[in-house]
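One-based numbering, in listed order, for ligands and for the atoms of each. Note that the structure is a prediction, hence the values are computed from the model and not measured. Counting from 1, the numbers follow the sequence of the chain as shown.
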Amino acid sequence: MPASRFLTSDDIRERFARAMSAMYQAEVPQYGTLLELVERVNRETLETDPALAERLAAHGELERLGAERHGAIRVGTARELAVLRRLFAVMGMHPVGYYDLSAAGVPVHATAFRPIDDAALARNPFRIFTSLLRLELIESQALRERAAAILARRDIFTDGCRESIELHEAQGGLDEEQAERFIAEALETFRWHRDATVDLETYEALHAEHRLIADVVCFRGPHINHLTPRTLDIDEVQQRMPDAGMNPKAVIEGPPRRACPILLRQTSFKALEEGMCFAGERQGTHTARFGEVEQRGMALTARGRELYDSLLGEARHRTVDLDNAAHQRVLEEIFADFPDDEKVLRREGLAFFHYRLTEAGEAAGRVESGNLEELIERGLVLARPLTYEDFLPVSAAGIFQSNLGGEHGGTYAGSANREAFEQALGAPVADELALYAERERVSRETVLKALVG
Ligand code: OOG
Ligand code: NI
C-alpha cells in the first residue's frame, strides 16, 4: 500500500482526542459545563485584551487553544504500561519526564505521553499523564499479593486494539479505515465501568490502604479520571466555578498570576461520588473522576526552574490552610523575586524561547552582526517564549490529594526510582529540559543562518 494512504500521527491524535473528549462529556456531564465556562472566559479574555489575542494568533497558539486537553490515567502493571507506550506512539505521543509522587504520599510514579516536535505541538498538544502504581510501597505483604493477583488476571486492551497497534508497527502507519478502528478500540481502554472486578470487602481493604490503590486495582481498566481544558484566566474560572455548580478545590496550584505567566497553574473541581456494583451484587460508591482547568505559561530553563522550586519551597510554610485569595497574596509577595519581564527572563536565561525572522528580517538579506539580542532590537528577529508542555510534581500531588480525600498520613519510604519506571515502560523517558533546549537551539541557528550565514 502506498504510504500516502496513511493518516499522519497528528491526524490520529486529533481524532482520538476529540473522541475521548466526547466520551468523557457523556460520562461526566460536569466536564461539559466546565468546557462551556472555560470557553466563555477565554472569549471574554481575548475580547478585553486584544494585544493578547494578537500575540497568541501570531504565535499560532490560538488555533490549538479550543482543542487543547490533557488527561490522566493510572495503571497497575509494567505490562499495561508497556502496551500503553506503543498505543500512544501510534498517535505521536511519547513518554516525557519522570514524576515521583511517593514523596507526597501517593504510591505512584508517572510520565506524560505527549507530542514533542514544534509542528505536532502546534497542531494538537494532547497529553496523558500516566501513573504506574507502586505495589512495592504497600506495607502489608498479604494485601500486596492480593492486589498483584487481581491485576494479573485483567487485560485492559481489546484484541482489536492490540491488532491495530501491531498493524501500525508492521506497516509504519494506518489508513483511514484502520485508523478509525484503532481509535474505537483504543477508546475502550479508557472507558468507565460501574461494575468492579472484586467484591466489596476486597475493595474496602484496598481502599483502607490508599484510595488510589482501590481505584487502580478494582476495575477492568484505567478509566480516564479527568480531561483538562486550557484557560487564559484561571483566577476567573476558579471564581466562577461555584455559580456554575462546581465545587473547586481550595487553592490554585502552581505559580501566582503574573504579567509573563510561567509554567502551569491548575485547579480542579472535586471528584464525584458514583454508584458502583461489586461482585456478589453488592452496591457501593467510588470517587475517582473530576474536572480540572489549567493555564499554561512559559517553559523555564534549569536555572529558572531552580528559582521556581526554591520560591515555592519558601511559600510552603507560609500558605498552610490559607484560602485561595490569601494563598495567592503570599505567593505574589514571594515571587516578586522572579523577574516578570520577557526581555529580562530571556537575557538572564530563565526561560526558553523560540526565534524567527520578522517580515523585516525576511527582507533584510545578510547583516553583519550575529548578536541575537541586537537583531531582536533591530526588529529583524522575533522571540516568543516556548509554552510549558509538561506537568509539575508538587501541583500534581495537590490535584491527587484534593481528589483522594485529603492527605495521606505521610510519605512513602521508597523514593524516586526512575530506572524501575523505565524498565516497566520498556523505554527511557525523554528529558523535558533537553527537548525545550533543542527546539530553542534549532530556531536560533535557523535565524542566524538566514541573517548572518
Ligand atoms: C493525575 C494527577 C496529575 C496534573 O494535571 O498534574 C495531573 C491523577 O490524578 O491521576 O493530572
Ligand atoms: Ni491533570
Original post:
How are the rings of Phe16 and Phe182 set to each other: parallel, tilted or perpendicular (split at 30° and 60°)?
Top reply: tilted
Original post:
With under 30° as parallel and over 60° as perpendicular, where do the rings of Phe391 and Tyr99 fit, or are they tilted in between?
Top reply: perpendicular
Would [X] and [Y] count as a close aromatic pair, with their ring centres under 6.0 Å?
X	Y	answer
Phe113	Phe126	no
Tyr203	Phe278	yes
Phe219	Trp192	yes

Original post:
Would you say the side chains of Thr267 and Gln238 form a donor-acceptor pair under 3.5 Å?
Top reply: yes
Original post:
Between Arg220 and His193, do the side chains contain an N or O donor and an N or O acceptor separated by less than 3.5 Å?
Top reply: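 On atom types as modelled, these side chains qualify, holding a pair under 3.5 Å.
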**OP:** Applying salt bridge (Lys or Arg N to Asp or Glu O under 4.0 Å), name anything that partners Asp117, two or more places apart in sequence or on another chain.
**Re:** none
Original post:
Which protein atoms of type N, O or S are found under 2.8 Å from the Ni ion (ligand 2)?
Top reply: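 Sorted hits: His70 NE2, His226 NE2, Glu292 OE1.
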In residues 77-88, what donor-acceptor pairs under 3.5 Å come from side-chain atoms, sequence neighbours left out?
{"unit_1": "Thr77", "atom_1": "OG1", "unit_2": "Glu80", "atom_2": "N", "d": "3.1"}
{"unit_1": "Glu80", "atom_1": "OE1", "unit_2": "Gly76", "atom_2": "N", "d": "2.8"}
{"unit_1": "Glu80", "atom_1": "OE1", "unit_2": "Thr77", "atom_2": "N", "d": "3.4"}
{"unit_1": "Glu80", "atom_1": "OE1", "unit_2": "Arg154", "atom_2": "NH2", "d": "3.0"}
{"unit_1": "Glu80", "atom_1": "OE2", "unit_2": "Arg154", "atom_2": "NE", "d": "2.7"}
{"unit_1": "Glu80", "atom_1": "OE2", "unit_2": "Arg154", "atom_2": "NH2", "d": "3.2"}
{"unit_1": "Arg85", "atom_1": "NE", "unit_2": "Leu425", "atom_2": "O", "d": "2.7"}
{"unit_1": "Arg86", "atom_1": "NE", "unit_2": "Glu169", "atom_2": "OE2", "d": "2.8"}
{"unit_1": "Arg86", "atom_1": "NH2", "unit_2": "Glu169", "atom_2": "OE1", "d": "3.1"}

Original post:
Near ligand 1, which protein residues have a heavy atom under 4.0 Å away?
Top reply: His70, Ala72, Arg74, Phe129, Asn225, His226, Gln266, Phe290, Glu292, Phe391, Ala396, Phe400
